[in-house]
Chemist: 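Handing you a structure now.
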Amino acid sequence: MKHYEVEILDAKTRDKLCFLDKVEPNATIAEIKNLFTKSHPQWYPARQSLRLDPKGKSLKDEDVLQNLPVGTTATLYFRDLGAQISWVTVFLTEYAGPLLIYLLFYFRVPFIYGPKYDFTSSKHSVVHLACICHSFHYIKRLLETLFVHRFSHGTMPLRNIFKNCTYYWGFAAWMAYYINHPLYTPPTYGDKQVKLALIIFLFCQLGNFSIHIALRNLRPAGSKTRKIPYPTKNPFTWLFLLVSCPNYTYELGSWIGFAIMTQCLPVALFSLVGFIQMTIWAKGKHRSYLKEFRDYPPLRSPIIPFLL
C-alpha cells in the first residue's frame, strides 16, 4: 500500500505548519486534523479548516485522502476558525434567555415599570395568554435541542453566540416591555382576533415540531447522512411537497400568529427580521439539495410555496 505525504500550509502566509509522513491512503480529513493537533495543540480539530486551495471550501471531515484530487504528496491549506462552542450550548443559551427575560417583564419585577407596578398583574387576558404562548415556544425549543435535534456540525464559532443572543434576547425584552406594559391595550378586534391568532400559533407550533421529528428520523444517531426529506403519514409534513424548509415556514407562521394576537409592533418587526434570515438559510439549503440530489423534487420552493 502506497502511503501519502501531507504538508499543511497556512492559507494566508503559505508558511509550512506541519509535515505528515506515511499517512494511510484511506485516512479521513478528521484523522489528519487529529494528527495536526499533536504538533499544534492550540488548534483542536473543531477549530481547523483544511482546504485544497487557500481560498477554496473547507474539506469535510469524512472526505478520504485517496479520493481527493491530490498526488501522493498532498498540500492542504489551514485556516483557524477561531474558538468553537457546541451547537447544543449555543441553542440552550439562545433560547433560555428569551424565556427568562420575558417572564421578568410579565411579573413586572422592580425597576422596569415603576414602583407602583412592581409585581402587579395585567387585567387583560391576552397578556397572560401571550406569556403562555411565548414560554411554550421557547420551552419547546429547549426540549427539542436536548432530545430531538441531530446536528451535522458539532460546533460553531464562539463569537457567533454574542450576535445570536443579542438578537434573541434583545427582541424578547423589547416585545415583553410593550406587551406587559401597564398601559398596553388589547387587539382591535378583541377575543375573535386573539382566538384566530391562537389557532394559527398552535397549528404552526405543531407543524414545526412535526418537521423537526421528520428530519431527525431522516438521520441515524451519530451519522451525517443527508437524504431528501419527504412527507410522512403526519399531515403536517405534507408541506414538504411544496417547500424545502417547512420548519422555517411554520416558524414564520407561529410568529405571525403571535403578532396578530398581541397586535404589537416589535413582534411584527421580530417576525420580519426572522423571515429575512430564515429565507437566506432556506435558499442556501435549497441550493445544496439541488446540487447534491439530481432527483430532487422540482416543484419545491425554499420557504414560501410557489413564491420564495
Side-chain angles (χ1 to χ4, degrees), residues 1-87 90 149-160 215-216 218-230 244-245 279-298 300-302:
M1 183 183 293
K2 201 168 186 177
H3 288 86
Y4 281 65
E5 295 177 340
V6 178
E7 62 174 3
I8 299 177
L9 309 183
D10 186 298
K12 292 182 180 178
T13 64
R14 308 295 194 274
D15 292 338
K16 183 181 287 189
L17 300 175
C18 181
F19 182 80
L20 304 173
D21 193 16
K22 295 183 179 178
V23 179
E24 298 286 341
N26 58 357
T28 63
I29 292 298
E31 291 169 339
I32 292 173
K33 287 180 177 180
N34 287 324
L35 293 172
F36 181 49
T37 300
K38 291 180 180 179
S39 59
H40 294 84
Q42 75 274 27
W43 293 321
Y44 46 89
R47 286 189 71 146
Q48 299 175 31
S49 168
L50 296 180
R51 310 154 186 230
L52 294 173
D53 182 86
K55 295 181 180 179
K57 289 185 178 181
S58 299
L59 294 168
K60 297 177 182 177
D61 282 353
E62 58 269 26
D63 286 340
V64 178
L65 185 58
Q66 65 183 355
N67 296 338
L68 298 175
V70 295
T72 51
T73 300
T75 300
L76 301 178
Y77 295 90
F78 162 79
R79 277 187 180 271
D80 180 13
L81 297 176
Q84 300 288 300
I85 186 170
S86 78
W87 274 101
V90 170
H149 292 320
R150 287 176 178 157
F151 302 100
S152 55
H153 300 287
T155 64
M156 67 176 282
L158 177 62
R159 60 183 177 273
N160 285 5
L215 291 173
R216 178 187 185 275
L218 210 61
R219 176 177 289 158
S223 166
K224 293 185 179 181
T225 304
R226 283 169 58 86
K227 300 176 184 176
I228 300 175
Y230 286 105
S244 294
C245 301
T279 299
I280 294 170
W281 289 335
K283 284 184 173 181
K285 201 162 191 178
H286 184 72
R287 281 195 300 269
S288 66
Y289 278 142
L290 291 172
K291 186 176 180 181
E292 190 170 353
F293 304 108
R294 290 183 180 179
D295 56 342
Y296 192 71
R300 294 186 190 179
S301 302

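Hydrogens, waters and symmetry mates are skipped; everything else that's a heavy atom, side chains included, is used.
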Chemist: Would you compute the distance between atom OG1 of Thr155 and atom OH of Tyr44 and round it to the nearest 0.5 angstrom?
Modeler: 7.5 Å

Chemist: Answer yes or no: is there a side-chain heavy-atom contact under 4.5 Å between Ile228 and Asp295?
Modeler: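 The answer is yes, as the side chains (C-beta and beyond) meet within the 4.5 Å cut-off.
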
Chemist: Mind checking the NZ-OG spacing from Lys283 to Ser288? Nearest 0.5 Å is all I need.
Modeler: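 Those atoms lie 14.5 Å apart.
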
Chemist: Is there a side-chain contact between Leu52 and Leu76, using heavy atoms and a 4.5 Å cut-off?
Modeler: yes

Chemist: Hey, are the side chains of Val6 and Leu35 touching, using non-hydrogen atoms and a 4.5 Å cut-off?
Modeler: no

Chemist: Once salt bridge (Lys or Arg N to Asp or Glu O under 4.0 Å) is applied, what residue pairs with a partner in residues 25-48 remain, sequence neighbours excluded?
Modeler: Lys33-Asp61, Arg47-Asp80

Chemist: Looking at Arg51 and Ser49, what are the two nearest heavy atoms and their distance?
Modeler: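 Closest heavy-atom pair between Arg51 and Ser49: NE-OG, 2.9 Å.
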
Chemist: Please round to the nearest 0.5 Å and tell me the distance separating atom CD of Gln48 and atom OG of Ser58.
Modeler: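 The CD atom of Gln48 sits 11.0 Å away from the OG atom of Ser58.
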
Chemist: I want to check something: taking the side chain as every heavy atom from C-beta on, are Leu215 and Arg219 in contact at a cut-off of under 4.5 Å?
Modeler: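 Contact flag for Leu215/Arg219 side chains = no.
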
Chemist: Determine whether a donor-acceptor pair (N or O, by modelled atom type, separation under 3.5 Å) exists between the side chain of Glu5 and the backbone of Phe19.
Modeler: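 The answer is no, because no donor-acceptor pair under 3.5 Å joins these two groups.
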
Chemist: Just jot down the ring-ring contact (aromatic ring centres under 6.0 Å, His included) partners of Tyr289, sequence neighbours excluded, or say none.
Modeler: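 Listed in chain order: Tyr296.
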
Chemist: Any chance you could measure Asp63, atom CG, to Leu50, atom CG, to the nearest 0.5 Å?
Modeler: 10.5 Å

Chemist: Compare every heavy atom of Cys18 with every heavy atom of His40, then report the nearest pair and how far apart it is.
Modeler: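 Looking at all heavy atoms of both residues, the shortest contact is CE1-CB, 4.3 Å.
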
Chemist: Mind checking whether Glu24 and Gln66 have side chains closer than 4.5 Å, heavy atoms only?
Modeler: no

Chemist: If only side-chain N and O atoms count, and only distance matters, is there a donor-acceptor pair under 3.5 Å linking Thr75 with Glu7?
Modeler: yes

Chemist: Could you report the tightest heavy-atom contact between Val64 and Pro25, atom names first, then the distance?
Modeler: CG1-O, 3.6 Å

Chemist: Kindly give the heavy-atom pair with the smallest separation between Ala46 and Leu81, and that separation in Å.
Modeler: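 Nearest heavy atoms, Ala46 then Leu81: O-CD1, 3.7 Å.
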
Chemist: How far does CD1 of Ile8 sit from OH of Tyr77, to the nearest 0.5 angstrom?
Modeler: 12.0 Å

Chemist: Please examine the side chains of Thr279 and Pro302, heavy atoms only from C-beta on, and report whether any two atoms are closer than 4.5 Å.
Modeler: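 A side-chain contact under 4.5 Å is absent here.
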
Chemist: Quick check: closest heavy atoms across Val23 and Leu20, and the distance to 0.1 Å?
Modeler: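 Closest pair (atom of Val23, atom of Leu20, distance): CG2-CB, 3.7 Å.
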
Chemist: Distance from Asn160 atom CG to Gln84 atom CD, nearest 0.5 Å?
Modeler: 8.5 Å

Chemist: Is there a donor-acceptor pair closer than 3.5 Å between any side-chain N or O of Arg79 and the backbone N or O of Ala11?
Modeler: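 No: the side chain of Arg79 does not pair with the backbone of Ala11.
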
Chemist: Determine the minimum heavy-atom distance between Arg300 and Ser244, stating which atoms define it.
Modeler: CB-OG, 4.0 Å

